[in-house]
Amino acid sequence: MEWLDEYEKLVIRMNTPRVVIDNAVCPTATLVQVDSARKTGLLLEAVQVLADLDLSINKAYISSDGRWFMDVFHVTDRLGCKLTDDSVITYIEQSLGTWNEPERPAALEGLTALELTGADRTGLISEVFAVLADMACSVVEARVWTHRGRLGCLVFLRDEEVDTERMVRIEARLGHLLRGDSSAGGAVAAVPAAAVAHADRRLHQLMSADRDREGASPTSAVSVQSWAERGYSVVTVQCRDRPKLLFDVVCTLTDMDYVVFHGTIDTTGDQAHQEFYIRHADGSPISSEAERQRVSQCLQDAIERRSLEGVILELCTPDRPGLLSDVTRTFRENGLLVAQAEVTTKGDMASNVFYVTGAAGLAVDQSAIDAVRQRVGMDCLIAKENRPQLYQKAGAGDQDNSNGGGSGIGLFYLGNFVKRNLASLGLIKSCS
């Protein structure tokens, strides 16, 4: 920075977030404090980094004084413990304590992203992976969401396998598949992976643009009120707590061009209460009833897209051509619907998570799970119940966990989930 004049250095220092991580103040959680003069996107960046590490934000305080913004998060890991791993703490400090946005994962370099939207139907995702396998495309990563009869999907392919001519054929075949017989239509687009800043955020954008909210009845309490004296709109969210809830809410507000000036987040038991004082980026509050209803509906959709109950199937096995096509076809043949999927590869290993339900969203038959595991492999495919509350709340570690085998299953799931996300960030080795 020697070539910069003193004023430029001052601007950089003011806009570089100061990150403080403290394990001494609170007896049950690690405090992560981020403050800066830069308001645009800072809150979302902080929440995104914590969410990508699958950390639980039990409480949070968002405040601003003049042009200075400060966010404080009470954070625990998935087991309700403070953060003690130095590599995780260092990663948070380095990711947030920069002038620029957090760097994109190096794993996305040399990849092309396919963005898919369309009307969901039984076996559709299996057909998508079958087309890609038939076109000799290796799926490096993928994210699949379904919501109210619509599908949103991101698939990352290696650049060397998708030259321009082949990509035209892929888009044509997948476009025909997604459109099907539905009047609602479907779409497929290929973009450089670097253009996808964050997979979950992009899926929210895709599904919102695909209007998956139409014809919906609210299942979560979201209110938008006016505080005219102070020039704020007050957004309140009251719903069941779940992983990445805060990210989904903040992401939606940010993508709608609102800035959060103040806010409080609190969880009691399995219930989350979030309150945000917001304005447009130009400083004006929400000004019409139609806009209030739109904000409320968009937030309800963002909350519901990942509020799933059913069975989680985790697959860890050596990667091979056609693996995803074969596995998802086995699900379909046994009456299992893929509601969501997270596909990752690390080296020659595939680590995939599928959220499945029975036909028409009904409960999953245990015999179907057993049949799928027998077919795919009992050792490499693990089944777990997807309970609404996955986080172990801070201070709840002394609760009785002796009933049946539930405790063992829960701890296995939590530990495996944390390891998988640390591996995706390059902090530990995958499937070791």
Side-chain angles (χ1 to χ4, degrees), residues 113-132 139 141-156 170-191 196 198-220 222 239 242 244-245 247-249 251-253 255-256 293-310 312 324 328 331-332 335-343 353-362 364 386:
L114 283 175
E115 299 180 344
L116 314 176
T117 56
D120 190 27
R121 64 177 185 275
T122 302
L124 176 59
I125 194 60
S126 175
E127 295 174 25
V128 168
F129 288 137
V131 167
L132 294 174
V139 177
E141 283 197 32
R143 296 289 186 275
V144 180
W145 288 3
T146 61
H147 184 231
R148 298 200 188 106
R150 305 297 295 178
L151 174 137
C153 180
L154 282 173
V155 181
F156 295 89
I170 293 172
E171 289 183 292
R173 289 187 61 178
L174 289 178
H176 177 75
L177 185 67
L178 290 167
R179 286 187 292 272
D181 298 327
S182 172
S183 59
V188 54
V191 298
V196 181
H198 190 268
D200 290 350
R201 183 178 183 182
R202 184 57 184 150
L203 280 171
H204 276 303
Q205 295 168 347
L206 288 173
M207 299 202 76
S208 179
D210 194 50
R211 307 184 70 83
D212 66 333
R213 62 186 179 273
E214 291 190 342
S217 57
T219 60
S220 53
V222 179
C239 65
R242 61 161 175 78
K244 301 188 179 181
L245 174 64
F247 169 82
D248 292 337
V249 172
C251 171
T252 300
L253 290 173
D255 284 341
M256 297 180 76
Q293 291 180 1
R294 177 172 170 267
V295 171
S296 177
Q297 186 63 67
C298 287
L299 288 173
Q300 288 168 1
D301 297 333
I303 293 168
E304 292 172 13
R305 287 183 190 121
R306 285 202 275 200
S307 298
L308 299 174
E309 295 186 36
I312 297 173
L324 289 171
T328 52
F331 293 164
R332 181 185 62 190
L336 300 181
L337 305 181
V338 178
Q340 284 190 14
E342 301 175 11
V343 174
V353 180
F354 302 95
Y355 299 74
V356 300
T357 65
L362 301 177
V364 176
N386 184 29

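Judged by distance alone, the side chains of Arg294 and Gln297 never bring a donor and an acceptor atom under 3.5 Å apart. For the residue pair Asp301 and His147, no side-chain donor N or O sits within less than 3.5 Å of a side-chain acceptor on the partner.
Considering CG of Asp248 and CG of Leu253, their distance stands at 11.0 Å, rounded to 0.5 Å. Rounding to the nearest 0.5 Å gives a distance of 10.0 Å between CG of Leu203 and NE2 of His198.
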- request: Given salt bridge (Lys or Arg N to Asp or Glu O under 4.0 Å), test Glu115 with Arg143 step by step and report yes or no.
  value: CA-CA 10 Å; Glu115 299 180 344; Arg143 296 289 186 275; over 6 Å; no

Val295 and Val222: CA distance, side-chain angles, deciding distance, side-chain contact (heavy atoms from CB on, under 4.5 Å) verdict: CA-CA 9 Å; Val295 171; Val222 179; over 6 Å; no

task: Please lay out, stage by stage, how Cys251 and Asp200 fare under the test side-chain contact (heavy atoms from CB on, under 4.5 Å).
output: CA-CA 9 Å; Cys251 171; Asp200 290 350; over 6 Å; no

message: Using the rule given for side-chain contact (heavy atoms from CB on, under 4.5 Å), can you reason through Glu309 versus Tyr355, listing the C-alpha separation, both sets of side-chain angles and the distance that settles it, and then say yes or no?
response: CA-CA 8 Å; Glu309 295 186 36; Tyr355 299 74; over 6 Å; no

task: Please assess Arg148 against Asp120 for the test salt bridge (Lys or Arg N to Asp or Glu O under 4.0 Å), listing each intermediate value before the final yes or no.
output: CA-CA 9 Å; Arg148 298 200 188 106; Asp120 190 27; over 6 Å; no

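The two residues Gly123 and Arg332 make their nearest non-hydrogen contact at CA-CD, 3.5 Å. Residues Ala113 and Val196 approach most closely at CB-CG2, 3.9 Å, considering heavy atoms. The two residues Leu245 and Cys239 make their nearest non-hydrogen contact at CD2-SG, 3.7 Å. Smallest separation of non-hydrogen atoms from Ala199 and Leu154: O-CD1, 3.5 Å. Contact between Leu151 and Met207 at its shortest, heavy atoms only, is C-CE, 4.2 Å.
Counting heavy atoms from C-beta outward, Ile125 and Cys153 have side chains that approach closer than 4.5 Å. At a threshold of 4.5 Å between non-hydrogen side-chain atoms, the residues Glu141 and Glu342 do not count as touching. Val144 has its side chain out of reach of Gln340: every pair of non-hydrogen atoms, C-beta onward, lies at least 4.5 Å apart. Two residues are said to be in side-chain contact when any heavy atoms from C-beta on lie closer than 4.5 Å; Glu127 and Arg121 meet this criterion. For the pair Ser208 and Arg305, the minimum side-chain heavy-atom distance is below 4.5 Å. Residues Val139 and Phe156 form no side-chain contact, since every pair of their non-hydrogen atoms from C-beta on lies 4.5 Å or further apart.
For Thr252, the side-chain contact (heavy atoms from CB on, under 4.5 Å) partners two or more places apart in sequence, or in a different chain, are Met256, Cys298, Leu299, Ala302. For Leu174, the side-chain contact (heavy atoms from CB on, under 4.5 Å) partners are Leu114, Leu116, Val128, Val131, Leu132, Ile170, Leu177, Val188, not counting sequence neighbours. For Phe331, the ring pair (Phe, Tyr, Trp, His ring centres under 6.0 Å) partners at least two apart in sequence or on another chain are Phe354.
Here the side chain of Arg242 pairs a donor or acceptor atom with the backbone of Ile303 at under 3.5 angstrom. The main-chain N or O of Gly310 is never found under 3.5 Å from a side-chain atom of Thr357 such that the two would form a donor-acceptor pair.
Ring pair Trp145/His204 is perpendicular by interplanar angle, where above 60° counts as perpendicular and below 30° as parallel.
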